[in-house]
J.: 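Would you mind keeping the following structure in view while I ask a few things?
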Amino acid sequence: MTIIEKLNNGQYEIGDLENYLSTGNAIVLYNTMHEIIDKKITDPIIIQKLISISGRREQTLENKMLGFYTVGDFALATLKKLGIDLASLKEYTRLDSFEKELIDELAESGDL
């Protein structure tokens with residue numbers, strides 16, 4: 001069974017999600033973040049992993065997600081959807097107003 005199938009079928013443990021967030025595969029990262037939002041998972045280790053990922057905003061092949069969005073953008077949008085105050089995160093406060101607006105739009109969109 002693939003990781004995506006495990007996520008879709010709910011056949012995972014919190015530790016599995018932690019491992020999935022460590023993968024370099026954008027599809028796995030996207031589906032894992034979507035599942036975290038869907039199940040409203042606020043485990044402290046998961047939150048820390050998302051915060052760590054949120055720094056990955058460079059437009060490199062390994063960080064590209066959807067369109068011009070990066071893994072870091074999706075991590076920040078995931079944190080926002082979980083109710084985390086982004087203003088308390090250095091990764092977010094470093095962004096200019098345009099970038100913050102993009103994160104807000106992504107969090108409000110149906111893309112995640």
Side-chain angles (χ1 to χ4, degrees):
M1 182 177 294
T2 69
I3 292 173
I4 306 304
E5 290 171 333
K6 288 179 182 180
L7 288 168
N8 289 338
N9 295 326
Q11 296 178 318
Y12 57 83
E13 308 276 328
I14 292 293
D16 295 327
L17 295 177
E18 294 168 17
N19 291 332
Y20 300 159
L21 288 174
S22 297
T23 184
N25 184 305
I27 295 170
V28 171
L29 285 169
Y30 172 82
N31 282 282
T32 302
M33 290 182 207
H34 189 274
E35 185 68 10
I36 289 167
I37 292 167
D38 201 40
K39 299 293 191 265
K40 299 177 182 15
I41 298 170
T42 57
D43 176 83
I45 295 172
I46 296 290
I47 298 300
Q48 270 312 119
K49 289 242 183 215
L50 289 167
I51 291 170
S52 176
I53 294 168
S54 70
R56 293 178 49 195
R57 299 192 64 256
E58 305 84 29
Q59 290 289 335
T60 62
L61 185 59
E62 61 201 18
N63 289 339
K64 292 289 273 173
M65 277 293 250
L66 179 68
F68 57 87
Y69 289 114
T70 65
V71 170
D73 297 333
F74 271 77
L76 285 168
T78 299
L79 289 163
K80 181 173 178 134
K81 283 188 151 209
L82 292 174
I84 304 300
D85 178 23
L86 297 183
S88 67
L89 302 176
K90 67 179 178 181
E91 293 80 0
Y92 183 76
T93 58
R94 291 179 183 164
L95 304 179
D96 63 31
S97 58
F98 177 74
E99 292 170 316
K100 289 176 180 176
E101 191 174 313
L102 288 176
I103 300 301
D104 292 342
E105 289 176 8
L106 178 60
E108 294 168 12
S109 75
D111 292 334
L112 185 61

J.: Please report the closest heavy-atom contact between Asp43 and Ile45, naming both atoms and the distance.
T.: OD2-N, 3.0 Å
J.: Say whether Ser22 and Asn19, considering side chains only, have a donor N or O and an acceptor N or O under 3.5 Å apart.
T.: no
J.: Are Met1 and Ile27 grouped together when hydrophobic residues (ILVMFWY) are joined by side-chain heavy atoms under 4.5 angstrom apart?
T.: no
J.: Looking at side-chain heavy atoms only, is the closest gap between Lys6 and Tyr20 below 4.5 Å?
T.: yes
J.: Output, in order, the C-alpha distance, side-chain angles, deciding distance and verdict of side chain to side chain contact (heavy atoms under 4.5 Å, CB included) for Leu21 and Leu17.
T.: CA-CA 6 Å; Leu21 288 174; Leu17 295 177; 5.5 Å; no
J.: Side chains of Ile46 and Thr42: closer than 4.5 Å at any heavy-atom pair?
T.: no
J.: For atom CD of Glu5, decide whether the heavy atoms of other residues, nucleotides or ligands shown that lie under 6.0 angstrom number more than 12.
T.: yes
J.: In terms of hydrophobic clusters joined by side-chain contacts under 4.5 Å, are Leu50 and Ile14 together?
T.: yes
J.: Would you say Leu102 and Glu105 make side-chain contact, with heavy atoms under 4.5 Å?
T.: yes
J.: Could you state the interatomic distance from CD1 (Ile53) to CG (Leu29), rounded to the nearest 0.5 Å?
T.: 5.5 Å
J.: What are the two closest non-hydrogen atoms of Arg56 and Thr23, and how far apart are they?
T.: NH1-O, 4.5 Å
J.: Looking only at atom types and distance, does a side-chain atom of Asp38 sit under 3.5 Å from a main-chain N or O of His34, one as donor and one as acceptor?
T.: no
J.: Nearest 0.5 angstrom please: Ile51 CD1 to Ser88 OG, how far?
T.: 7.0 Å
J.: Flag the pair Ile3 / Leu7 as yes when at least one side-chain heavy-atom distance between them is below 4.5 Å, and no otherwise.
T.: yes
J.: For the residue pair Ala107 and Lys80, what are the closest heavy atoms and their distance?
T.: CB-CD, 3.8 Å
J.: How long is the gap from OG on Ser54 to CD1 on Ile103, to the nearest 0.5 Å?
T.: 9.0 Å
J.: What distance separates Tyr69 OH from Leu76 CG, expressed to the nearest 0.5 Å?
T.: 12.0 Å
J.: Which heavy atom of Leu95 sits nearest to which heavy atom of Lys100, and what is that distance?
T.: O-CE, 3.3 Å
J.: Taking all non-hydrogen atoms of both residues, which atom of Tyr92 and which atom of Leu86 are closest, and how far apart?
T.: CB-O, 3.2 Å
J.: Please report the interatomic distance OG1(Thr32) to CD1(Ile4), rounded to the nearest 0.5 Å.
T.: 6.5 Å
J.: Testing the basics here: between Met33 and Val71, what is the closest heavy-atom pair and its distance to 0.1 Å?
T.: CE-O, 4.0 Å
J.: Got a second to check how far Glu91's CD is from Leu79's CG, nearest 0.5 Å?
T.: 9.0 Å
J.: Is there a donor-acceptor contact under 3.5 Å from the side chain of Thr78 to the main chain of Phe74?
T.: yes
J.: Does one side chain, of Glu35 or Tyr12, offer a donor that lies under 3.5 Å from an acceptor on the other?
T.: yes
